[in-house]
Amino acid sequence: MVDNLQFNPYIMPGEFEPQTGVWLGWPTFQWFQDPTLDTRRSIASIAKTLSDHGVPSYIMCGDAAGISRAQHWLTANGFTISPIMHFLKIDQVDIWIRDYGPTFLVDRTSRKMAIASFRQNQWGYSTEEDPESERMSNVPKSVFDYLKMDSLLSTSVVSEGGDRIQNGQGTLLVNRAVELQRNPDASVESLELAYKQTLGVTNIIWLNAGVREDLHSDWGPIPYSDPSGQQILLYGPQTTGGHLDEFCRFVSPKRILLAQVSPQEAASDPIAAVNYARLADAYRVLVSSRDQDGQSFEIIRIPVPKTAFREIQPGEPMYHNFLEKLSYSGDAPPFPTGDPVYIVRSSSYANYLVTNGLVVAPSYGDEGKDSEALKVLSSAYPGREIVQIDPSPLNYAGGGIHCATQQQPLPSAVH
């Protein structure tokens with residue numbers, strides 16, 4: 001399942017290693033009319049935070065007109081365009097650069113760089129042959145051409161970067177449910193071979209499920225209750241079906257940050273109850289697993305945000321351009337066309353960006369949980385400043401800070 005590749009001398013460095021900069025995609029459309037859910041503000045806030053800390057950003061805007069629109073929006077909305085914000089004529093398709101954009105690799109001996117390229121099918125909602133899927137699949141090659149890198153490692157496997165969590169030393173975490181949904185005709189063995197040959201990993205650990213609110217949207221809604229106790233249904237806003245970066249990250253080669261639901265939360269919230277069991281299973285797998293050298297991992301726990309949702313009307317793009325058009329599974333209730341629906345916020349304290357001297361992390365206006373998450377991240381990343389921003393526009397579009405960013409490693413500093 002890997003094209004013309006017998007041996008891969010490259011490996012993806014850990015996200016905690018030194019970087020040249022961070023890649024972003026400028027939004028080309030909005031899922032909601034509410035200006036508080038404008039994803040341009042989230043992308044601009046990330047780029048500003050990077051710039052304030054001396055980290056270059058590479059913002060793909062499609063073409064010259066796209067660059068002009070991005071820069072005009074930034075200045076019109078009070079953002080300063082820094083000299084280290086680089087606006088590029090590369091087709092970004094959407095904002096989820098972590099998932100379908102370039103995966104940067106480094107040869108630890110020669111320090112040469114490569115890019116890994118996976119196939120895309122729009123998170124399993126379409127086919128690889130769909131023109132939009134093809135555009136996504138082509139983004140790594142476009143970045144490769146722009147940077148004139150040494151090698152492009154391509155595979156026919158469908159996979160998104162948000163579900164591939166690596167320690168930079170040869171160990172890869174993936175979610176069985178996601179990877180097999182994207183590649184229904186593939187075996188675990190063939191997928192492992194593709195990951196090893198494309199990413200240079202030697203040790204693969206399979207987790208079994210993602211968090212409940214990151215459901216695959218066409219599975220049908222989640223039964224829930226609003227604050228008054230009335231039963232409602234929560235729909236997923238183009239959610240992925242279980243990406244690992246919603247709950248599990250490497251903070252160093254042997255330390256894993258894992259989300260945690262308290263027993264009290266599980267007892268009072270049905271979504272938290274499902275996540276309590278799923279995260280307990282993930283903990284069990286990780287505690288019993290070993291790294292590429294046979295060493296055990298240290299597990300650090302971080303809280304989960306409270307479940308949040310909002311009502312959307314039939315006129316919203318998320319409603320009529322996505323949810324209304326899905327083919328729901330046979331046992332799901334029919335979509336209530338013409339009536340408002342509720343969508344769940346795919347929020348997570350684990351969906352953050354690590355870069356040089358900095359962690360760009362989520363904050364949700366919950367003083368207790370925000371402070372607890374800040375404390376955990378400060379301890380996990382000593383020497384880095386933790387800057388918290390509200391990622392709700394990204395969350396209600398189906399992703400987060402990590403999903404919308406991709407780090408480019410600094411080859412000379414890779415160990």
Side-chain angles (χ1 to χ4, degrees), residues 8-20 22 55 98 102-116 153 159 161-175 192 195-207 243-260 279 282-302 348-361 376-386 401-402 405-415:
N8 178 11
Y10 297 93
I11 194 168
M12 180 182 177
E15 297 181 34
F16 40 80
E17 297 188 57
Q19 300 169 14
T20 299
V22 174
V55 180
R98 174 74 52 181
T103 296
F104 294 98
L105 311 172
V106 176
D107 185 320
R108 293 187 184 276
T109 301
S110 70
R111 306 297 179 178
K112 291 183 178 180
M113 291 196 68
I115 285 177
L153 282 57
S159 182
D163 197 49
R164 301 191 306 270
I165 306 299
Q166 299 184 79
N167 74 344
Q169 300 294 314
T171 293
L172 170 71
L173 307 179
V174 288
N175 182 350
E192 287 194 348
Y195 304 140
K196 289 176 179 179
Q197 292 184 318
T198 307
L199 299 172
V201 296
T202 57
N203 181 48
I204 298 170
I205 300 170
W206 292 85
L207 300 183
H243 274 187
L244 293 191
D245 63 1
E246 283 290 283
F247 66 95
C248 185
R249 302 285 298 278
F250 277 110
V251 301
S252 69
K254 290 183 171 59
R255 304 177 77 202
I256 297 173
L257 182 142
L258 180 66
Q260 183 172 39
L279 294 170
Y283 179 83
R284 176 190 60 80
V285 172
L286 294 170
V287 162
S288 62
S289 297
R290 297 295 180 264
D291 71 6
Q292 68 288 337
D293 300 317
Q295 302 297 309
S296 60
F297 298 105
E298 177 189 353
I299 312 298
I300 304 165
R301 307 309 292 267
I302 194 167
S348 167
Y349 288 116
N351 199 298
Y352 55 82
L353 169 69
V354 181
T355 187
N356 304 335
L358 172 69
V359 177
V360 186
V376 172
L377 291 174
S378 297
S379 176
Y381 295 98
R384 285 181 165 90
E385 182 179 353
I386 315 299
I401 296 169
H402 189 252
T405 56
Q406 179 63 274
Q407 73 282 346
Q408 181 178 336
L410 179 66
S412 61
V414 173
H415 298 107

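Values reported hereafter were calculated over all heavy atoms of this structure, with side chains retained and with hydrogens, waters and symmetry mates removed.
Note: Tyr352 and Tyr381 have perpendicular aromatic rings, judged against thresholds of 30 and 60 degrees for the angle between ring planes.
Under the 4.5 Å side-chain criterion, counting only non-hydrogen atoms from C-beta, Thr109 is not in contact with Pro9. With contacts defined as side-chain heavy-atom distances shorter than 4.5 Å, the pair Ile115/Leu105 does not qualify.
Thr103 and Arg164 are linked by a side-chain donor-acceptor pair at a separation below 3.5 angstrom, with hydrogens and angles left out of the test. Side-chain contact annotation: His402 with Glu246, donor-acceptor N/O pair under 3.5 Å absent.
Checking side-chain atoms of Ser288 against main-chain N and O of Val285 turns up a donor-acceptor pair under 3.5 Å. Looking at Gln166, its side chain never comes within 3.5 Å of a backbone N or O of Val201 through a donor-acceptor pair. Judged purely by atom type and a 3.5 angstrom limit, Arg249 uses its side chain to pair as donor or acceptor with the backbone of Ala350. Here the side chain of Asp163 pairs a donor or acceptor atom with the backbone of Asn175 at under 3.5 angstrom.
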Could you walk me through whether Ile256 and Cys248 pass the side-chain contact (heavy atoms from CB on, under 4.5 Å) test, one step at a time?
CA-CA 7 Å; Ile256 297 173; Cys248 185; 3.7 Å; yes
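Between the OG1 atom of Thr202 and the CG atom of Leu172 there is a distance of 10.0 Å, given to the nearest 0.5 Å. In this structure, CD1 on Ile401 lies 11.0 Å from CG on Asp245, to the nearest 0.5 angstrom. Here CG of Leu358 is found 7.5 Å from CD1 of Ile386. Values are rounded to the nearest 0.5 Å. Taking CG of Leu173 as the start and CG of Asn167 as the end, the distance is 8.0 Å to the nearest 0.5 Å.
Listed by chain and residue number, Asn203, Gln292 satisfy the side chain to side chain donor-acceptor pair (under 3.5 Å) test with Thr171 (two or more places apart in sequence, or in another chain). Applying the side-chain contact (heavy atoms from CB on, under 4.5 Å) criterion to Thr405, with sequence neighbours excluded, gives Val22, Leu24, Ile46, Arg98, Leu353. Take Thr355 and apply the side chain to side chain donor-acceptor pair (under 3.5 Å) test, not counting sequence neighbours, and it matches Gln19. Shown here are the side chain to side chain donor-acceptor pair (under 3.5 Å) partners of Arg284, two or more places apart in sequence or in another chain: Asp281. With sequence neighbours excluded, the residues that form a side-chain contact (heavy atoms from CB on, under 4.5 Å) with Gln408 are Thr20, Trp23, Tyr58, Phe104, Met113, Leu147, Met149.
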Check residues 294-302 and write down every donor-acceptor pair under 3.5 Å in which the side-chain atom is one partner and the other belongs to a residue at least two apart or another chain.
| unit_1 | atom_1 | unit_2 | atom_2 | d |
| --- | --- | --- | --- | --- |
| Glu298 | OE1 | Arg255 | NE | 3.1 |
| Arg301 | NE | Leu258 | O | 3.3 |
| Arg301 | NH2 | Ala259 | O | 2.8 |

